[in-house]
Amino acid sequence: MSRTMTGARMVVEALRDQGVDTVFGYPGGAVLPIYDELFQQNDITHVLVRHEQGAVHMAEGYARSTGKPGVVLVTSGPGATNAVTGLTDALMDSIPIIVLSGQVPTFLIGTDGFQEADTVGITRPCTKHNWLVRDTAKLSETIHKAFHVATSGRPGPVLVDIPKDVQFAEDEYRGLKQIEPARYQPARKGDVTAITQLAELIEKAERPILYTGGGVINSGPGASQLLRELADATNIPVTSTLMGLGAYPASGRNWIGMLGMHGLYEANLAMHDCDLMINIGARFDDRITGRVADFSPGSIKAHIDIDPSSINKVIHVDIAITGDVGHVLEDLLKIWKSRGRKTNSAAIGKWWEKIEGWKSKNCLAYKNSDTIIKPQYALQRLQALTADRDRYVTTEVGQHQMWAAQFLHFNEPNRWMTSGGLGTMGYGLPASVGVQMAHRDSLVINVAGEASWLMNMQEMGTAVQFRLPVKQFILNNERLGMVRQWQQLLHGERYSQSWSDSLPDFVKLAEAFGCKGAQVQDPKDLDDAIRQMIEYDGPFILDVLVEKHENCFPMIPSGKPHNEMLLGDASTEGAIQGAGAALV
Amino acid sequence: MNALNIQQGASSHSAYDLRDPNSQVEERHTLAVLVENEPGVLARVIGLFSGRGYNIDSLTVAEVDHTGHQSRITMVTSGTPAVIEQIKAQLGRIVPVHEVHDLTVEGASVERELGLFKVCGQGDKRVEALRIAEIFRANVVDSTLESFVFELVGTPSKLDAFADLMRPLGLKELARTGVAAIARGV
Ligand SMILES: Cc1ncc(C[n+]2csc(CCOP(=O)(O)OP(=O)(O)O)c2C)c(N)n1
Ligand SMILES: [Mg+2]
């Protein structure tokens with residue numbers, strides 16, 4: 001059966017074939033034919049955002065909380081350029097996103113037409129791949145290819161630029177069964193020889209550690225399950241990057257907490273002192289390694305990653321396994337079991353004693369107060385009062401983000417959405433909207449800093465319009481807190497431009513948006529305020545006035561090795577100096 | 001000390017791993033990159049090099065298989081062994097890149113480049129230029145009473161040497177194609 005239709009209808013048809021239920025977007029001249037098609041159907045819900053950056057972060061929240069790709073629709077020119085930050089964010093954090101952008105008609109391309117921008121040129125470095133479709137005959141196949149590329153191998157954002165005349169012209173629609181198999185097929189299985197070598201090393205290791213990352217979550221729930229099985233069967237301690245929280249449960253026996261610049265003392269020291277480091281789906285980011293020359297100097301390092309370019313990029317490893325985490329862990333477990341399930345349990349027992357010693361340092365300790373809400377305390381109470389719920393958390397970027405990672409506990413994958421690689425202020429609010437679209441009945445909380453929150457606050461309108469009961473938990477220190485902390489440590493306490501001045505009244509702002517808000521500043525009122533926020537049947541902004549000058553510890557100052565970490569009670573004078581001062 | 005006794009790089013199959021991964025010595029490598037002949041693919045490759053700060057010493061590109069929509073990019077790059085490996089891995093993950101070959105480590109290969117040299121002069125210098133061109137087996141492809149255009153095919157270093165000799169004899173303009181390279185044998 002031949003199915004001739006317009007390009008615009010093909011777009012909707014292809015989305016339907018791909019199982020898309022939600023599109024985040026914003027209309028404009030160059031996508032009007034597609035919006036006309038969306039108007040005439042009921043399978044796909046279109047979420048009208050307030051700014052295209054918000055649309056991409058929403059799609060990211062949707063994708064990370066479901067494991068499905070997120071879809072965005074924007075117009076040409078400013079619509080497309082507004083999507084650039086979100087695309088870069090998704091590229092850094094390996095999130096599958098498909099952005100469909102309108103373009104001026106093909107005969108106007110290159111003439112500086114109204115709202116023309118070289119969208120494929122601008123987005124080439126911030127997408128995994130992109131396409132300009134000049135011919136309606138190729139449109140449906142290109143969209144299917146875009147989904148394939150976004151979700152295969154290391155996931156990432158893609159963009160399909162569709163000129164307006166291509167949307168109007170008619171041609172034959174090609175469904176999933178009518179297109180040629182894609183040439184792009186990254187290998188999923190790891191090399192068995194290398195996996196066997198790793199199994200041998202696990203049998204002998206005295207101080208092993210599992211260093212896990214977002215790749216475990218991207219590999220799907222099966223991979224998280226296999227990680228749990230491996231850790232529990234071998235008794236190897238597990239740490240995770242910011243991106244991987246929840247893959248191994250925080251309540252699990254082998255969990256030793258997040259590692260990295262603001263990671264836990266015990267996790268970082270275990271990384272430094274281990275004799276076998278098994279990197280599973282992480283990428284030796286500079287927030288993790290600190291000074292590369294001193295990174296875990298005595299260990300044999302194995303690296304499992306689906307992207308060959310991640311292996312040996314920063315840290316040279318001894319065992320390289322290119323493959324999908326789920327497949328490799330399955331093979332690893334099979335081989336290790338068939339060889340007799342051996343570990344050096346006596347040595348690992350001693351290793352745990354050492355780790356328990358580090359744990360007793362209680363590195364997250366802070367001085368609480370009866371009169372002022374400490375941000376750490378606010379998060380501890382949020383954790384306590386939401387622990388029994390089906391809870392999703394997004395964050396903005398700054399101190400609050402790091403405290404959230406330290407003090408909230410995640411027992412399942414896909415429950416924690418934060419901008420890790422790019423560190424995008426303004427990510428959390430739209431991401432929470434995207435998560436809530438996918439999980440209408442769950443509790444979705446955005447842990448925010450007041451400054452970050454303002455960056456995309458217009459999306460409260462979207463939350464209200466779509467009755468999405470997202471909870472905005474703002475830790476308001478009236479400071480660009482993380483910037484202030486660095487200025488204190490690095491720039492002689494000269495606090496250049498790190499105040500949040502002229503802040504809005506967040507309670508009135510909530511009312512203005514048509515939702516509800518409250519402010520709390522006495523620690524005694526905090527629990528009630530959190531309960532009110534959770535129980536309110538709609539979007540809610542809780543403005544938590546917290547200590548203004550709290551610093552986030554532990555901290556490995558940039559350019560320092562793991563074992564030179566600053567703890568809360570340490571002197572911070574001259575903490576960052578020399579070569580470290582030039583780092584970010 | 002580490003109780004685990006394994007050879008460095010024991011699991012990798014790349015020829016490169018036989019060498020010291022931490023070497024700081026810069027090496028020159030010739031890469032053959034087979035790509036889907038689609039718009040923007042060259043921009044993608046060049047963008048990778050500029051975005052990540054790698055060197056391009058030479059780059060040539062042309063379609064080599066019209067029905068299969070394949071183009072071949074030959075590039076000469078330099079960097080430490082770790083950087084060269086990273087360049088290959090980064091090239092390999094560009095979606096329309098089909099194959100990446102490191103001709104420098106994958107066995108013997110031949111490299112050729114074509115250069116056009118405009119040499120202006122009269123009298124002895126003109127005679128001398130023509131004599132040297134003969135030694136280099138360069139062809140004269142254009143000639144006026146005051147100028148020659150020589151065409152020379154050879155390795156990049158042969159073209160360098162020819163240019164050096166022509167400079168004092170009136171080399172006015174030079175156009176080079178960049179290197180095309182291919183593995184020897186079948
Ligand atoms: C878009 C963007 N601009 C600038 C920065 C640099 N930056 C990192 S954290 C931060 C301050 C964040 O302040 P706030 O949201 O109030 O969080 P706090 O650190 O106070 O918890 C800034 C400016 C960034 N990460 N993103
Ligand atoms: Mg703040």
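Reminder, nothing fancy here: chain letters follow the sequence lines and each chain counts from 1.
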Is chain B contacted by the side chain of A:Ile311, its backbone, both, or neither, given a heavy-atom distance below 4.5 Å? backbone
Answer yes or no: are there more than 12 heavy-atom neighbours, outside B:Lys158 itself, under 6.0 Å from its atom NZ? yes
Return yes when atom CD of B:Glu173 has more than 12 non-hydrogen atoms of other residues, nucleotides or ligands closer than 6.0 Å, and no otherwise. no
Output the distance between atom CZ (A:Arg124) and atom CD1 (B:Ile94), rounded to the nearest 0.5 Å. 10.5 Å
With side chains defined as the heavy atoms from C-beta onward, is the minimum distance between B:Arg93 and A:Asp307 less than 4.5 Å? yes
Are any non-hydrogen side-chain atoms of B:Pro96 and A:His129 less than 4.5 angstrom apart? yes
Is chain A contacted by the side chain of B:Gln86, its backbone, both, or neither, given a heavy-atom distance below 4.5 Å? side chain
For residues B:Arg44 and A:Asn130, determine if any side-chain heavy atom of one lies less than 4.5 Å from a side-chain heavy atom of the other. yes
Take a 6.0 Å sphere around NZ of A:Lys342 and say whether it holds more than 12 heavy atoms from other residues, nucleotides or ligands. yes
Is the count of non-hydrogen atoms from other residues, nucleotides or ligands lying under 6.0 Å from B:Asp124 atom CG greater than 12? no
For A:Gln185, is the CD atom crowded, meaning more than 12 foreign heavy atoms sit under 6.0 Å from it? yes
